[in-house]
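Everything below concerns the one structure shown next.
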Amino acid sequence: MPPEIPTNPVDDFELMRLIACGDSQALAAFYDRHGGIVLALGVKMLKNRAEAEDLLVDVFWEIWQKAQRYDANRAAPLTYLMMVARSRALDRRRAGDRHAAPLDESIATSQSETAISASDPPQSAILSERRTEIRQAMGQLDAAQRQVIELSFFSGLSHSQIAEKLDKPLGTIKTYIRQGLIRLRECLRKD
Amino acid sequence: MDCRSRKDDILQYVAGAMEGESAVELRQHLAGGCPECAGYVAEAEALMAQLPLALDPIAPSPGLRQRLLKKIVESYPTASIPIRRDWDRVVLSAAVAAVLAVSVTLGTLWATNSLHPRHELDQRDFEIVMLQETLAKSSQRVNELEVQLKTAQTSLDGMKYTQMTGPTQPGAMGHAFIDMQGGKWYFFTSGMNQPVAGKCYELWLISDDKKMPAGTFEVDTNGTATLTGAIPALPPGTAGVTLAVTDEPMGGVSSPTGEAQIVGKIQFQ
C-alpha cells in the first residue's frame with residue numbers, strides 16, 4: 001500500500017484568518033510557504049538581492065499589520081500577497097529612481113535555489129504545477145507580446161518608456177500589451 | 001458603454017498599461033461602484049498576480065525569518081497616544097465612548113466567534129445573531145461608561161491613553177485612559193481568556209518599579225471587563241506609568257505573582 005501523502009490541514013485562507021487573529025506562527029507558515037516566490041519577484045523587479053530581501057520582510061510585515069483588512073471574498077491570499085509584493089517593489093523602484101534595466105535573467109538564475117518547503121510538500125507540488133501552467137501560457141504569446149508584458153509588469157515601465165527602450169511606436173506597444181494580456185487570460189482560463 | 005465591452009480595457013488598466021483619458025474615464029466608472037466591472041477587476045488582478053508564479057522561487061536567507069518574527073514580537077504597542085488639544089470636551093467624551101463601544105463590539109464578536117462552533121449555523125445568520133446580542137450589551141455598557149465619563153474631571157491636557165496587549169493573550173486588547181487633571185483612570189479590556197479556576201485578573205499601575213494594585217476583575221463570557229479608579233499619588237516628575245494585568249489568586253494580592261497577560265505604557269510628557 002503506497003504511503004499516504006500528508007494533507008496540509010491549513011490552507012492559505014485559514015492561515016490569513018489566523019494571522020488576522022494575531023497568530024504569528026500562522027504568519028511564519030505563510031512566509032515559509034510563499035516567501036520564496038516573493039523574494040524571486042523582488043529580485044526580478046529590483047535587480048538587487050539585498051533590496052529584495054528587505055522587500056520580503058516589509059511585505060510580510062504589511063501582511064501582518066493589515067491582515068484584518070484582507071477580504072477573502074475579493075482575492076485569494078496568494079493573489080493578495082502578490083499584489084502587495086508588486087506594489088511595494090514598484091514603490092521601492094520609484095523611491096530609488098531606478099531606470100529600466102535590460103532584463104537580466106542571469107541575476108535570478110545564478111542566485112536561484114529552489115525553495116523546497118520540506119514541511120509542505122503538497123503545497124510545493126501545487127505551486128510547481130501552477131508554475132508550469134503559467135510558463136506554458138506565457139509561452140503561447142508572441143515573443144514581442146511576452147517581452148512588453150514582462151517589461152510592463154516586472155519593471156513598471158510606462159508605454160512610452162517601453163516604446164523608447166525597444167525603439168518601437170507607442171501604438172504598437174499598446175497593442176502588444178493588450179493583445180498579450182487577452183491571450184494570457186484565455187490560455188489560463190482553459191487551464 | 002456596455003460593461004462587458006470594458007472587460008479587456010479593465011485587464012489593461014489593472015496591468016498598469018492604460019494611461020491618459022481612457023484611464024481617467026475607467027477609474028471614474030469603477031469608483032461609481034459598478035459591480036460587474038468590479039468583478040472584472042478582481043479577475044484581472046487574479047490573472048496579474050499569477051505572473052510572478054512563473055518565476056523560480058528563491059530560498060530566503062535564514063536570518064530573514066527571524067528578523068520578521070522579531071519585528072512582530074517587538075511590535076506590541078507601548079507608546080502613549082496623547083489626545084489632541086483642539087478637541088472639545090464633548091467630542092473627547094464621545095470619542096472615548098465610541099472607541100470603547102467599538103472595542104466591546106469587535107472584541108465580543110471576535111471572542112464569541114472564536115469560542116462557538118460555526119458549522120451548525122449559516123455563517124451570515126450566526127453573525128447577525130451575535131451582532132444583535134452584542135449591540136444590546138454594548139449599548140448598556142456605553143451608557144454605563146458615559147455616566148462615568150461625564151462625572152470625570154476631564155481635560156484635554158490631562159488625558160492620556162494606551163493600548164494594552166501581550167503575547168500571553170494575543171487575542172486580548174486592553175484600553176487604558178488616565179485623566180491627569182481629574183485624577184482618575186479608566187480600564188477596559190476585551191477578548192481575554194477566562195482565568196483558570198481559583199484565579200482572577202488583577203490590574204497594576206507600575207511606576208519606578210513600584211507596583212500598585214489597581215483592582216481585581218473577572219471577565220464575562222466575551223472576555224470583557226471594565227475597571228476605574230483614582231490615580232495613586234506619584235512622585236513628582238514621574239515620566240509615566242506602566243499598566244499590566246496579571247493572573248492572581250482569587251481576591252487579589254498586594255504584590256504581583258502571576259504572569260503578565262497584557263501590558264501598556266503611558267508617558268506623561
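Letters go in sequence order (proteins before strands), and every chain restarts at 1.
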Handout entry: chain B contact via A:Ala75 - side chain, backbone, both or neither, heavy atoms under 4.5 Å
Key = neither
Practice task
Search all heavy atoms of B:Ala46 against all heavy atoms of A:Thr79 and return the closest pair with its distance.
Solution key: CA-CG2, 3.7 Å
Exercise for the section: Walk me through it: do B:Asp56 and A:Ile37 pass the test side-chain contact (heavy atoms from CB on, under 4.5 Å)? Expected result: CA-CA 7 Å; B:Asp56 282 319; A:Ile37 200 65; over 6 Å; no
Problem - Contacting moiety of A:Ile177, where chain B heavy atoms sit under 4.5 Å - result: side chain
Completion exercise
Between the CG atom in B:Leu47 and the CG atom in A:Leu181, the distance rounded to the nearest 0.5 Å is 7.0 Å
Exercise for the section: Side chain from CB out, backbone as N, CA, C, O: work out which of these in A:Leu81 comes under 4.5 Å of a heavy atom of chain B, or both, or neither. Expected result: neither
Problem - Crowding at CD, B:Gln66 (>12 non-hydrogen neighbours, <6.0 Å) - result: no
Practice task
Before giving the answer on salt bridge (charged side-chain N to carboxylate O under 4.0 Å, His left out), spell out for A:Asp54 and B:Arg67 the whole-Å C-alpha distance, their side-chain angles and the decisive distance to 0.1 Å.
Solution key: CA-CA 10 Å; A:Asp54 287 345; B:Arg67 187 170 133 196; 2.8 Å; yes
Handout entry: Spacing of A:Arg49 atom CZ and B:Ile58 atom CD1 [to the nearest 0.5 Å]
Key = 6.0 Å
Completion exercise
Under 4.5 Å to a heavy atom of chain B? For A:Leu56 that would be side chain
Handout entry: Separation of A:Phe60 CZ from B:Lys71 NZ (nearest 0.5 Å)
Key = 13.5 Å
Problem - Any donor-acceptor pair under 3.5 Å from A:Arg135 side chain to B:Ala54 backbone - result: yes
Handout entry: Any A:Leu184 side-chain heavy atom under 4.5 Å of B:Gln50 side chain
Key = no
Handout entry: Non-hydrogen atoms of B:Pro170 and A:Gly22 that approach each other most closely
Key = CB-O, 3.9 Å
Exercise for the section: Quick one: pull up CZ in A:Phe153 and CE in B:Met48 and give me the separation to the nearest 0.5 Å. Expected result: 5.0 Å
Completion exercise
d(B:Leu68 CG, A:Trp61 CH2) to nearest 0.5 Å is 8.5 Å
Practice task
First locate atom CG of B:Leu53, then atom CE of A:Met82, and finally report the distance between them rounded to the nearest 0.5 Å.
Solution key: 6.0 Å
Handout entry: Flag side-chain contact, heavy atom, 4.5 Å: A:Arg86 against B:Pro52
Key = no
Practice task
Give a yes or no on this: more than 12 heavy atoms of other residues, nucleotides or ligands lie within 6.0 Å of atom CD of A:Glu129.
Solution key: no
Problem - chain B contact via A:Thr132 - which portion, at a heavy-atom distance below 4.5 Å - result: neither
Practice task
Using non-hydrogen atoms and a 4.5 Å limit, figure out which bit of A:Leu90 sits close to chain B: side chain, backbone, both or neither.
Solution key: neither
Practice task
Would you mind reporting whether B:Gln12 and A:Ile182 have side-chain heavy atoms less than 4.5 Å apart?
Solution key: no
Problem - Exercise: identify the closest heavy-atom pair between B:Pro57 and A:Ala40 - result: CA-CB, 4.1 Å
Exercise for the section: Check the surroundings of atom CD in A:Glu164: do more than 12 heavy atoms from other residues, nucleotides or ligands lie under 6.0 Å from it? Expected result: no
Handout entry: Sidechain N-carboxylate O distance under 4.0 Å for A:Arg185, B:Glu43
Key = no
Exercise for the section: Flag the pair A:Asp32 / B:Arg65 as yes when at least one side-chain heavy-atom distance between them is below 4.5 Å, and no otherwise. Expected result: yes
Handout entry: Structural part of B:Leu69 lying under 4.5 Å from a heavy atom of chain A
Key = side chain
